[in-house]
Each structure stands twice: as C-alpha cells, then as structure tokens.
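Whatever order the structure lists them in is the order used to number ligands and atoms, beginning at 1.
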Amino acid sequence: MKLAGRATRIGESATLRVSRKAKELAARGVEVLDLSAGEPDFGSPPVAVEAARRALLEGMTRYTANAGIPELRAALAERYRVDYGAPWHPGQVVVTVGGKAALLELALALIDEGDEVVLPTPAWVTLPEQIRLAGGRPVPVPAEAADHFRLRADPILEAIGPSTVGVLVNSPCNPTGGILGAEDLRRIVERCAESGIWFVADETYERFVFDGVRHASAAALAAEFPDTVILVGSFSKTYAMTGWRVGYAIGPPQVITAVSNIQSHATSNATSFAMAGALEALRSASADVEAMLAEFEVRREIVVRGLATIPGVQCEPPAGAFYAFPRVADHYREGRHGSVELCEYLLETAHLAVVPGAAFGNDEHIRLSFACSRQTLEAALDRLAAALGG
Ligand code: PLP
C-alpha cells in the first residue's frame with residue numbers, strides 16, 4: 001500500500017517515543033525515572049474537576065457549538081482584555097482540542113505548498129512537522145545557549161524573505177525555556193504587519209516565567225496590530241489539565257473563521273464537559289497556578305544546581321517553562337555519539353528517560369523536564385552524574 005507523501009515526511013513525536021519506551025521498560029518491572037514528558041505532575045484544579053463532573057451529571061454530553069461553548073469563548077476574550085487590553089471579542093476565539101490542534105488548524109489555514117515560516121530553534125518537535133504537514137517549509141533561526149536561548153528580533157527579522165508567509169514564536173520556549181522580551185516582540189510584530197505576513201504566538205507556557213519577570217504576550221499588541229497577531233494558548237500546562245485536551249486560538253476574524261471551518265471537518269468541538277471544567281479553571285484556579293509556578297521555581301534550582309556539579313555538562317537556568325536544556329556534547333563517545341544515542345544509553349543503562357536535543361534541532365543538548373517531584377529529580381540527577389561519570 002502506498003502512503004501519502006505527507007505521512008512519510010514526518011515521524012512519531014520524539015518526546016512521545018521516549019515516553020513510550022520508558023513505559024515499556026516500566027511495564028517490564030524496571031524502575032524508570034521519567035523526565036521526558038512535558039506534563040505537570042500536579043492534579044487538575046479541584047474546581048475544574050467539580051465543574052466537569054457537574055456538567056456530566058447535568059447532561060452536558062452532546063455536541064456543542066463547533067468553535068466552543070460561548071461562555072468559555074467570552075471568558076477567554078475577557079481575560080485577554082483585562083490582562084493585556086486586547087480588543088478581541090468572543091467571536092474571535094476558537095476553542096480547540098488542545099493547543100496542538102489549534103496550531104495544526106492554523107497551519108492548514110495559513111500555509112500553502114512551498115510557503116516559508118520563520119521558526120526560532122530549538123523548537124518544540126511538533127511545530128516544524130505541522131508546518132511540513134501543511135506543505136510549508138520551516139526556516140530555522142537558531143537561539144544561542146550563551147544568550148540563555150533568548151529569542152531575539154534581529155535574526156528572526158533577517159530570516160524573513162520573499163516566500164515568508166509568517167513567523168511562529170513559542171515563548172516561553174519548549175525545550176529551552178528561552179523567552180521573547182517585549183521590545184523584540186514589538187519589533188517582530190511591527191515588521192510582520194509592514195510585510196503583510198502573520199505572527200503566531202504559541203503562549204502555552206505563558207504562566208511559567210521565573211524570577212518575577214512578566215511574560216511578554218502578543219495579546220498586548222493585538223489592539224495595534226489586529227490583522228497580524230494570532231495567539232495560541234492551552235489549559236494543559238497552565239492548569240495541569242493535559243488529558244482534558246482544551247486549547248484555543250484567538251486572532252483576526254477571517255483567520256478564526258477559517259480555523260473553525262477546518263475544525264468543523266476535523267474534530268468538531270472540544271469535549272463538552274472538559275470545556276465546562278476549563279471555564280471554571282479560568283475563573284477560579286489562579287491560586288493553583290501560582291502554587292505550581294512557585295514549585296517549578298524550586299525545582300529549577302535543584303536541576304540547575306545538580307547539573308552544574310556534573311563535569312562536562314553546561315546548563316543556563318531556563319527563564320521559563322519547566323525544562324532544562326543542558327549541553328552534553330562533551331560526553332559523546334563511541335556508542336553514544338550524538339544526543340539520540342546518548343539518550344538511548346541513559347535509558348538502557350541508567351533507566352533515565354530524557355529527550356534528545358536533536359529532536360528539537362540541536363544535537364549537542366538533551367531536554368530534562370522538571371515537571372516531576374523533587375525526589376524524582378534528585379534521584380535522576382544522581383543517575384545522570386553516575387552514567388556520565390562512567
Ligand atoms: N505548544 C508547545 C510549545 C508545547 O510544548 C505543547 C505541548 O507539549 C503544546 C503547544 C500543546 O499542548 P496541548 O495540545 O496539550 O495544549
């Protein structure tokens with residue numbers, strides 16, 4: 001049987017592959033320490049769980065409006081108005097099956113065959129694959145480890161060419177934790193507006209920025225650049241609601257209509273009662289989010305300090321998200337040359353699951369998630385030190 005070209009151009013998500021291998025080992029009774037998943041270890045906010053339970057009991061079990069329940073669309077528009085002065089109305093919000101679906105539907109709505117999309121790297125594995133799935137070509141713009149992987153306007157602007165249809169920036173960034181500052185964000189959006197191309201901000205990790213720094217949201221520029229700014233958000237990480245599958249896209253009406261039309265032929269609405277839970281999380285779970293941020297900040301210290309004690313490993317403290325992205329290339333040798341082989345070695349010999357940097361576009365690094373308990377983290381650092389020491 002012949003597969004379509006687009007299916008052969010992409011592979012299984014590297015992060016999901018590592019998680020799958022780790023689970024296979026665990027199923028055989030091996031005690032694996034899994035730092036591969038991009039998934040908070042906290043429970044979902046009790047208010048969200050209760051709201052979803054109530055919704056189910058009250059019979060909220062049917063299709064909803066394709067673009068999401070009106071209350072959630074209105075609450076999201078209101079949230080960005082209050083926090084950032086964004087002029088978006090509820091009709092400019094589409095609720096999707098996680099942020100992942102929002103990004104894929106946007107790619108399908110905005111990218112034609114051969115179009116170029118400027119994408120800072122290292123980048124979350126799914127972003128370039130989705131661009132390719134839509135027929136486009138990701139144009140990588142490397143961020144520098146020595147610069148804390150900060151996302152800078154200059155190299156992004158230099159990468160914009162005649163075939164560029166848009167710029168896609170994920171800040172805080174998975175896997176590096178690098179962030180885009182307000183000034184750089186403004187310069188990029190201004191140029192996108194001048195050039196008549198779009199700017200998509202993937203703000204999935206918006207609430208996890210450390211050291212008291214305020215997240216620079218593209219929503220703050222929506223009033224000035226209403227035809228340019230498109231924002232993607234998610235309940236997955238912010239509220240520890242990964243399995244609920246609720247995300248959203250907000251932007252110019254014609255873009256959101258296109259996304260909604262695509263969704264109407266793909267998934268239809270996000271799950272009805274999950275949206276009821278998400279609405280309640282948005283309304284009244286901010287204390288849960290603050291508690292998670294405080295805990296992530298402590299874990300970041302543990303992981304950065306632990307990595308600093310391992311000779312030949314370099315790690316800048318991530319500015320946001322919940323990943324460390326240390327450079328480990330000094331440990332490459334026969335049999336573990338490159339990040340993929342090193343991660344296989346760590347999984348097989350130390351039973352430690354981490355993700356190869358190659359999956360994100362940088363083969364000198366590996367990604368460790370600190371969305372796991374302090375105890376797991378400390379044990380994992382011990383195993384890493386022992387495995388690399390040998
Ligand atoms: N964007 C980034 C950068 C991510 O890391 C993820 C998940 O790992 C997502 C978007 C999508 O998450 P979800 O589909 O669970 O909302």
Give a yes/no verdict on whether any heavy atom in [X] is under 4.0 Å from an atom of ligand 1.
X	result
Phe235	no
Thr242	no
Glu39	no

Which atoms of ligand 1 have any heavy atom of [X] under 4.0 Å away?
X	answer
Arg245	13 (P), 14 (O), 15 (O)
Asn174	3 (C), 5 (O)
Ser234	13 (P), 16 (O)
Asn170	3 (C)
Ser236	13 (P), 15 (O), 16 (O)
Gly99	13 (P), 14 (O), 16 (O)
Gly98	14 (O), 16 (O)

Residue, atom name and distance, where the atom is the protein heavy atom closest to [atom]:
atom	value
atom 8 (O) of ligand 1	Lys237 NZ, 2.8 Å
atom 1 (N) of ligand 1	Asp202 OD2, 2.6 Å
atom 9 (C) of ligand 1	Trp124 CH2, 3.3 Å

Quiz prompt | Sub-3.5 Å N/O-N/O distance, Tyr205 and ligand 1 | solution =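 Tyr205 vs ligand 1: N/O contact under 3.5 Å present.
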Would you mind checking if [Y] and [X] are paired as a salt bridge, meaning a charged N to carboxylate O distance below 4.0 Å?
X	Y	value
Glu116	Arg137	yes
Arg187	Glu190	no
Glu290	Arg207	yes

Exercise. Starting from the C-alpha separation in whole Å, work towards a yes-or-no answer on ring-ring contact (aromatic ring centres under 6.0 Å, His included) for Tyr323 and Phe360.
Key: CA-CA 13 Å; Tyr323 307 102; Phe360 307 99; 7.8 Å; no
Quiz item: Honestly curious: do Ile302 and Leu384 fall in one hydrophobic cluster under the side-chain, below-4.5 Å linking rule?
Solution: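 Yes, Ile302 connects to Leu384 through the hydrophobic network.
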Practice problem: Is it possible for you to say whether Leu35 and Val304 belong to one hydrophobic cluster, with membership spreading through side-chain heavy-atom contacts below 4.5 Å? | Solution: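 Yes: a chain of side-chain contacts under 4.5 Å links Leu35 to Val304.
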Quiz item: Hey, which of Lys21, Arg28, Arg20 is the one that makes salt bridge (Lys or Arg N to Asp or Glu O under 4.0 Å) with Glu24?
Solution: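 Of the listed residues Lys21, Arg28, Arg20, the salt bridge (Lys or Arg N to Asp or Glu O under 4.0 Å) partner of Glu24 is Arg20.
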Quiz prompt | Cation-pi geometry met for Arg299 and Phe370 (6.0 Å, 45°) | solution =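 Judged by the rule, Arg299 and Phe370 form no cation-pi pair.
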Practice problem: Just do the side-chain contact (heavy atoms from CB on, under 4.5 Å) check on Arg186 and Phe225 with the steps written out, would you? | Solution: CA-CA 10 Å; Arg186 166 170 287 281; Phe225 304 100; 4.1 Å; yes
